[in-house]
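For the numbers below, each heavy atom of this structure counts, side chains included, while hydrogens, waters and symmetry mates do not. All ligand and atom numbering here is 1-based and tracks the order in the structure.
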Amino acid sequence: MKAEYDYKVQDISLADFGRKEIDIAENEMPGLIAAREKYGKDKPLKGAKIMGSLHMTIQTAVLIETLEELGADVRWASCNIFSTQDHAAAAIAEKNIPVFAWKGETLEEYWWCTKKAMTWPDGSGPNLIVDDGGDATLLIHRGYQAEIDASILDKPTDNKELQIINALLKETLKQTPGFWHKIVEDWKGVSEETTTGVHRLYQMKERGELLVPAVNVNDSVTKSKFDNIYGCRESLVDGIKRATDVMIAGKTALICGYGDVGKGCAEALTGLKARVLVSEIDPICALQALMAGYKVVTIEDALSQADIYVTTTGNCDVITAEHISKMKDQAIVCNIGHFDNEIQVDALNQWPGVKKMNIKPQVDKFTFPEGNSVYLLAEGRLVNLGCATGHPSFVMSNSFTNQTLAQIELWNKDLEIGVYTLPKALDEEVARLHVEKLGGRLTRLSQKQAEYINVPVEGPYKPEFYRY
Ligand code: NAI
């Protein structure tokens, strides 16, 4: 059931502009359009109530409308306070799809939006969740636990965000007792978009806490080896440029972490002729960085040299406030990993004698008593979505086609509680659609060749352990 015009966005008059950009994006999202053509008639998501917690961008609007076209009843919130594109949210609201998202939410508003998006007008919850980073999943699990043992909400914590979540859950416990158990009763599964959210899922599964089956979309090859690498290769620099207009050529940059995201970021900055340094904890990734021609250093080594710092680790406290205090004057610091704890922003704000000046939204200058200044982008939140508009449509089409297939799997199969990846045949199918769109011509195996390398002519072509 859909209430009429159930939404909260920044400015609904932006809907026309949003619609025009959605039209452009559709041309670049062949996987989603093919999914509409293939499944639009059969409506494999008919009857499914889907809640999304994923950056409310133009590309996401194409995903949302695809899920609706496949029969789902969708409600949406963003998974970051800075990542919503207000015209995209307006266009979705205008279509009477409930959306609760605007650029520049407070953390209290963010968690309000998340809960609102998972509450249907009749008080029921979603059957399926599309999550990015795991916040929607976390909220439900914590709410469920708190209904069993409310004292978990009283444990003292320095974590501001957890304090906000706890306050929201306490209010729910008081006003609608049993709300979270009811939500879990209807909840059939979650598909998770990103590395950090997937880590959270595996941890929950290991601890025996996971309440529903989950699809790890991130580790489809056509997701992490494309979005994380080639998406960041384009959107990192877009974020840095829009924020600072700085010339990249000739600068020295430190990329912290050389996983998929780090590889894309390093390549982008090298392409613009920066001298790129890499820091890593994993000898395999460090060796890969060396083979690609980068110097592998520690952050401490880089402090006297680097002009630009980018964290890509999915880990906490990678750049400390102390590191920042020792950086070169006019250094730029940003994060492209999922959460803002890669850089110690709170400690930076409290650094003795530091002066903070806001230059424009999502760009702050910190000046230390010694006179050196540093620019922090997007308050340490993901720079490509905070300071620019995230990845291009084409690469998001790969990711979101996987999301659509994951949602179909979860709705139509009775999976046991666990964390799954999509079958390789589907991964290859997603790739095939995008190869065709770019005019690539695939070579077809002869029967003899297929037998010689022991794969079916139609694929899958690689064993599960192949690393691409
Ligand atoms: P990954 O696991 O492939 O790479 C992370 C790398 O960081 C690993 O190689 C790890 O060894 C290294 N690392 C961990 N701690 C470190 C430390 N203290 N210092 C130096 N290196 C360290 O993960 P992936 O896929 O590259 O994702 C990284 C983060 O980016 C995640 O939080 C993910 O959710 C996020 N992400 C963000 C996107 C965006 O558009 N902003 C897109 C895709 C992923």
Side-chain angles (χ1 to χ4, degrees), residues 53-55 57 59-60 78-80 82-83 131-135 137 192-202 216-240 254-268 277-290 292 294 296-302 309-320 323 334-344 377-378 380-393 395-396 398-400 402-403 467-468:
S53 165
L54 194 154
H55 310 292
T57 62
Q59 293 70 31
T60 302
S78 198
C79 63
N80 184 278
F82 291 140
S83 64
D131 217 350
D132 184 348
D135 278 354
T137 301
E192 170 54 53
E193 173 81 3
T194 199
T195 318
T196 286
V198 163
H199 284 163
R200 279 185 172 181
L201 285 173
Y202 285 111
N216 164 0
V217 166
N218 183 66
D219 288 295
S220 287
V221 181
T222 48
K223 199 284 181 181
S224 50
K225 298 294 169 185
F226 290 83
D227 170 322
N228 303 25
I229 301 178
Y230 308 121
C232 291
R233 191 171 70 180
E234 303 209 6
S235 62
L236 168 72
V237 173
D238 191 7
I240 296 175
L254 175 71
I255 307 290
C256 304
Y258 196 71
D260 289 326
V261 170
K263 288 178 174 77
C265 292
E267 206 182 335
L277 313 172
V278 167
S279 69
E280 250 298 344
I281 53 155
D282 178 339
I284 297 178
C285 298
L287 188 57
Q288 284 181 313
L290 288 163
Y294 304 116
V296 174
V297 300
T298 64
I299 298 199
E300 289 75 14
D301 295 334
Y309 293 80
V310 185
T311 53
T312 78
T313 68
N315 204 347
C316 58
D317 301 325
V318 174
I319 294 186
T320 64
H323 289 143
C334 62
N335 163 49
I336 196 168
H338 191 79
F339 285 121
D340 60 341
N341 55 355
E342 301 210 19
I343 301 169
Q344 286 183 340
L377 309 189
R381 296 171 198 275
L382 16 79
V383 63
N384 57 336
L385 282 137
C387 296
T389 54
H391 297 347
S393 303
V395 88
M396 293 316 295
N398 286 266
S399 310
F400 288 167
N402 282 294
Q403 279 288 3
R467 295 198 173 87
Y468 296 87

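Between the side chains of Asn216 and Glu192, no donor-acceptor pair is found at a separation under 3.5 Å. With 3.5 Å as the limit, one finds a donor-acceptor pair spanning the side chains of Asp301 and Thr298. In this model, no donor atom of one side chain and acceptor atom of the other lie less than 3.5 Å apart for His199 and Thr196. When only modelled atom types and interatomic distance are considered, Ser53 and Asp135 share no side-chain donor-acceptor pair under 3.5 Å. A donor and an acceptor atom, one from each side chain of Asn398 and Lys223, are nowhere located under 3.5 Å apart.
The nearest protein atom to atom 26 (O) of ligand 1, hydrogens excluded, is given as Val261 N, 2.8 Å; this is a heavy-atom distance. For atom 4 (O) of ligand 1, the closest non-hydrogen atom on the protein side is Gly259 CA, 3.2 Å. Of all protein heavy atoms, the one lying nearest to atom 29 (C) of ligand 1 is Gly337 CA, 3.7 Å. Protein heavy atom nearest atom 16 (C) of ligand 1, with residue, atom name and distance: Thr313 CG2, 3.7 Å. At the top of the distance list for atom 35 (C) of ligand 1, counting protein heavy atoms only, stands His338 N, 3.6 Å. Ranking protein heavy atoms by distance to atom 32 (O) of ligand 1, first place goes to Thr196 OG1, 2.5 Å. Nearest protein heavy-atom neighbour of atom 33 (C) of ligand 1: Thr194 OG1, 3.3 Å. With hydrogens left out, the protein atom closest to atom 25 (O) of ligand 1 is Thr195 OG1, 2.7 Å, a heavy atom.
Taking every non-hydrogen atom of Cys285 and a distance limit under 4.0 Å, the qualifying atoms of ligand 1 come out as 9 (O). Ligand 1 places these atoms under 4.0 Å from at least one heavy atom of Asp282: 11 (O). Interface atoms of ligand 1 facing Asp227, defined by a heavy-atom separation under 4.0 Å, are 42 (C), 43 (C). Within ligand 1, the atoms closer than 4.0 Å to a non-hydrogen atom of Ile336 are 30 (O), 37 (C), 38 (C), 39 (C), 41 (N), numbered from 1 in the order shown. Which parts of ligand 1 touch His391 is read off a 4.0 Å heavy-atom cut-off, strictly below it: atoms 40 (O), 42 (C).
Considering only heavy atoms from C-beta on, Lys225 stays 4.5 Å or farther from Tyr230 through its side chain.
For a threshold of 3.5 Å applied to N or O pairs, the pair formed by Asp260 and ligand 1 contains at least one separation below that value. Between Leu382 and ligand 1, not a single N/O pair is under 3.5 Å apart. In terms of polar-atom proximity, defined here as any N/O pair under 3.5 Å, Glu280 does make such a contact with ligand 1. Considering both main-chain and side-chain atoms, Tyr258 never comes within under 3.5 Å of ligand 1 through any nitrogen or oxygen pair. Where the criterion is an N or O separation shorter than 3.5 Å, residue side chain and backbone included, Lys223 fails it with respect to ligand 1.
Exactly one of Val278, Asn384, Asp260, Thr312 qualifies for a side chain to side chain contact (heavy atoms under 4.5 Å, CB included) with Cys265. That residue is Thr312.
Ring orientation note: the planes of His55 and His338 are tilted relative to one another, at an angle of 30° to 60°.
For Ser279, the heavy-atom gap to ligand 1 drops under 4.0 angstrom. Remark: distances from the non-hydrogen atoms of Gly231 to ligand 1 are all 4.0 Å or more.
When Ile281, Asp219, Asp317, Leu254 are ranked by how near their heavy atoms come to atom 13 (N) of ligand 1, first place goes to Ile281.
At a 4.0 Å heavy-atom cut-off, ligand 1 touches Asn384 through the side chain alone. Under 4.0 angstrom from ligand 1, the non-hydrogen atoms of Thr312 all belong to its backbone. Using a 4.0 Å cut-off between heavy atoms, Asn315 contacts ligand 1 through its side chain alone, with no backbone atom that close.
Looking at residues two or more places apart in sequence or on another chain, you find no salt bridge (charged side-chain N to carboxylate O under 4.0 Å, His left out) involving Asp132.
The two atoms that bring Cys387 and Leu377 nearest to each other are SG-CB, 4.1 Å, heavy atoms only. Across all non-hydrogen atoms, the minimal contact from Tyr258 to Glu280 is N-OE2, 2.7 Å. Considering all non-hydrogen atoms of both residues, Ala289 and Val296 come closest at CB-CG2, 3.9 Å. Closest of all the heavy-atom pairs between Gly337 and Asn335 is N-OD1, 2.7 Å.
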